[in-house]
Amino acid sequence: MSLTRLITLTLALTLLIAAPVAAQSVLRIGLNDDPDALDPTISRAYVGRLVFAGLCDKLFDVTPDLKIVPQLAVSHEWAPDQKSIVIKLRPGVKFHDGEPLNAEAVKFNIERHINTTGSFRKTEIGQISSVDVLNDLTVRFNLSEPLVPLLAALTDRSGMMVSPKAAKALGDKFGLKPVCAGPYRFVERVAQGKIVLERFPDYWDKANIHIDRVEFVPITDSTARLASLRSGDLQMIERASPTDLPEIRGDNRLKVTGVPELGYQMIPLNVANGAKSKTLADARVRQAIDLAIDRDALVAAVFNNEYIPGNQWVSPSNYYYNAKFPVRKRDVAKAKQLLREAGQPNLTFTLIVPPERDRQEAAQIIQAMLAEAGITMNLQTQENVTMLTNGRKGDFEAYFTFWSGRPDPDGNVFTQSTCKGAQNDSHYCNAEVDAFLTKARQVPDPAERKKLYDQATEILMRDIPRLQLWHRRVFTGYTVKLTGFTAYPDGIIRLRGLKLN
Amino acid sequence: MPLALYIARRVAVLVPTLFLVSVLIFSLQKLLPGDAALALAGEEHDPVAVAAIRAKYHLDRPAPVQYAIWMGKVLRGDLGESLRNRIPVTELLAAKLPVTVELAIGSMLIALAIGIPAGVISAARRGTVIDATANLVALSGLSVPHFWLGIMLILLFAVRLGWLPASGYVPPWEDLRRNLTTILLPSIVLGTGVAGVMMRHTRGAMLETLGADYVRTARAKSVPERLVVLKHAFRNALIPVITLGAIEFGRLLSGAVLTEQIFAIPGFGKMLVDGVFNRDYAVVQGVVLVSAGLYVLLNLMADVLYFLANPRLRGS
């Protein structure tokens, strides 16, 4: 029968073409998500930064221990009043289209970041009031107010320089064909499929770039992403899940590294945002909730101790962590006492949780812990965007979210804790905290800044506008064939120095 | 009624159908809770940035106005651009259509290759162990979650045996061999599900025709059983199966969300789901409009084939 023959033939053909395919000097990195626009000015999603690390160099970069070092710049100098900064540029740097990176190009880029409609950089560097070109390789940024965290912003997308010629030619379509000054240039993008980069032969630091092509492949399902790593289709995966770790560690062809993240997982509590703030308005009630949670047990139960229990806006290993307030032991009796004092011994409130494994499981454990202190916490599942919208409107008592983290301390506490802060959904407001955090923006000396942050933290630890619960570790899984990899707390994979054997 | 008139009438119905689909999908999206501008703003909740997004994409206008703006562009052949990555929706659709079509064809081939022979054999051997086995297999094909089957196939063929790639998609014009290997596993996952449906329907249709008078007549003339089954019964049983095939094929064309997610295949399904989660209205509307159009066209094609095959229809 001809059908049988057809099937036999198909099977034979399949086996014939099914031999493994070996790729040389192509690094395929599995991403958790499909990046948004590949334009540093309008990029929003974290995941895009992994692609930019290959595509667009920045004026500055951070080291694995969060020191700021020059990249496209060679040096910087603050004016004594911190109201301007002079930056010297690296000579001989070219964009992917051959255009030179010079002071004019930097001026163009900063103005583009600030003036483009829908720019997400404006909030980061909007305090730059003007840019002076001092000579071909020197610029001065003049600021409307002293802003030390500016330098840290220049280690991320605000510091990425694109070719002015290409930016002018492509307009708001620049993200479809980005032209930067990074080690790799853009080849193609298949949305939700892959982003392909190839080595840029005129890169200023080309001696340290060893891999010819890099492909970023978004795979949202973590099991499938891990399977692709194990089968050799991917050589690296970013933000591996803690549940993947036993499998990666059990596979002698793979390695995994983890470093504490810059951000934190948190539950904002509604302090003064609308009608729903009544329940948790009393600081004693919020302290009681905080005391009833056993963070060590939580991290052990849900994350097998792969994550780090936390209680502040930076992880305990961070320089700006206030050591006077370590993660407290659980104290149910004290929690009950505080609730009685506040006149709310039978506290009941609702926690909104997005439908995601980590936070769902943690919420259930917290619910059980609070019950032992006589607190009834109802759980309500809401899809992420809905939850954030309700957070904004004040339609919540508590919700379960996270902050992805910034290298400069300011980025992890200012907009979250100041009275008018854009991230302050709790509407917590304390003039002293505002003063400390604002002052810390103007002091370049880290030791001086730490004193200010310690004072702010002390108040925040007493008022508890949000429960900071744990810090993830950023896990990167990769094949043992890959050498030269260094993990950074921002989770971004630097391609410099990587080799595939 | 001449064929041309028949087709013209069906195409005329297509326009209001698509219009209704577009109104429906637009309204349903507006019912989704959550602020699109906030979703697009990502972690930066700066009110100025959020307001700028809202204005840029007309999200601050009343819903009917938004619909009119969008429809006006659609009529000029512009489906807008993805709010998230700024790629024009027509470009996204053009890139994903071949992927989705190829996956649908691959799945359909597997479904037909398994479903039809299994249906014919189990009908011809009704009540035997073969029939029971085929039914069992078909039922498992229908019941096994795509998600699970996909992961199992990846673990076996990609991780354990290393024969096939675990994920990704390569267009055929780039590397045909790799293209076929990447599309094989997802086609099997989707195909086995459809094969179950095809098998059950083929079996049912075959049982009906095998019990018909003309089959009894053929047997009475001592036509060999093999010919009775394949020539007399099978041909007639095929007509409802073709209709079902067209419907299933249309369904495959609207995207296979989970399968595409697991195998990281950039098709319609993944684009649609990502669009919904990111509140990327233009993308969702574009995908739904095009897959609805394809679905209607496929049904039309099936009807035309039916029309040609069945002389009785032409008279009415």
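Treat the numbers as computed from the prediction; the structure is a model and nothing was measured. Sequence lines set the chain letters: A, B, ... in the order given, protein chains first and strands last, and positions in each chain run from 1.
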Q: Can you tell which part of Phe263(B) gets under 4.5 Å to a heavy atom of chain A, answering side chain, backbone, both or neither?
A: neither
Q) Can you tell me how far CG of Leu388(A) sits from CG of Asp425(A), rounded to the nearest 0.5 angstrom? A) 8.0 Å
Q) Based on non-hydrogen pairs under 4.5 Å, which of Val385(A), Leu176(A), Asp221(A), Asn384(A) is most in contact with chain B? A) Val385(A)
Q | chain B contact via Lys173(A) - side chain, backbone, both or neither, heavy atoms under 4.5 Å | A | side chain
(Q) Would Arg112(A) and Phe174(A) count as a cation-pi pair here, with the cationic atom under 6.0 angstrom from the ring centre and within 45° of the axis? (A) yes
(Q) Whether the Ser417(A) and Arg466(A) side chains hold a donor-acceptor pair (N or O, under 3.5 Å, no angle test) is what I'd like checked. (A) yes
**Q.** Separation between OH of Tyr46(A) and CD of Glu238(A), rounded to the nearest 0.5 Å
**A.** 6.0 Å
Q: Using a cut-off of under 4.5 Å on heavy-atom pairs, state which of Glu81(B), Lys96(B), Arg160(B) scores highest against chain A.
A: Lys96(B)
Q | Residue among Asp33(A), Ile219(A), Leu38(A), Thr401(A) with most heavy-atom pairs under 4.5 Å to chain B | A | Ile219(A)
Q: Heavy-atom pairs under 4.5 Å with chain A are the metric here; pick the option from Leu109(B), Ile116(B), Leu92(B), Asp274(B) that has the most.
A: Asp274(B)
Q.
Please classify the contact of Leu83(B) with chain A as side chain, backbone, both or neither, using a heavy-atom distance under 4.5 Å.
A. backbone
(Q) According to side-chain hydrogen bond (donor to acceptor under 3.5 Å, both in side chains), who are the partners of Glu247(A), at least two apart in sequence or on a separate chain? (A) Arg230(A)
Q. Between the side chains of Ser241(A) and Arg239(A), does any donor sit under 3.5 Å from an acceptor?
A. no
Q: Measure Ile154(B) against the heavy atoms of chain A and call it side chain, backbone, both or neither at under 4.5 Å.
A: side chain
(Q) Between Arg189(A) and chain B, with a heavy-atom cut-off of 4.5 Å, which part of the residue counts as in contact: side chain, backbone, both or neither? (A) side chain
(Q) For chain B, which candidate among Val190(A), Thr386(A), Asp34(A) shows the most heavy-atom pairs at distances under 4.5 Å? (A) Thr386(A)
Q | Rounded distance (nearest 0.5 Å) linking atom CD1 of Ile29(A) with atom CZ of Arg225(A) | A | 13.0 Å
Q. Is it the backbone or the side chain of Ala95(B) that comes under 4.5 Å from a heavy atom of chain A, or both, or neither?
A. neither
Q: Identify which part of Ile42(A) has an atom lying under 4.5 Å from any heavy atom of chain B, answering side chain, backbone, both or neither.
A: side chain
Q: Under 4.5 Å heavy-atom distance to chain B, tell me which part of Lys194(A) shows up: side chain, backbone, both or neither.
A: side chain
Q. Of the listed residues (Ala224(A), Ser43(A), Ala37(A), Gly175(A)), which shares the most heavy-atom pairs with chain B below a 4.5 Å separation?
A. Ala37(A)
Q | Structural part of Asp251(A) lying under 4.5 Å from a heavy atom of chain B | A | neither
**Q.** Glu102(B) side chain to Tyr169(B) side chain, donor-acceptor N/O pair below 3.5 angstrom
**A.** yes
Q. Out of Ser228(A), Pro218(A), Ala45(A), Ser119(A), which one racks up the most heavy-atom pairs below 4.5 Å with chain B?
A. Ser228(A)
**Q.** Distance (rounded to the nearest 0.5 Å) between Leu253(B) CG and Leu97(B) CG
**A.** 7.5 Å
**Q.** Test: Arg86(B) and Asp172(A) ion pair at under 4.0 Å
**A.** no
Q) When you check the side-chain N and O atoms of Ser167(B) and Asp233(A), is any donor under 3.5 Å from an acceptor? A) no
(Q) At a 4.5 Å cut-off on heavy atoms, which part of Glu383(A) comes close to chain B: side chain, backbone, both, or neither? (A) side chain
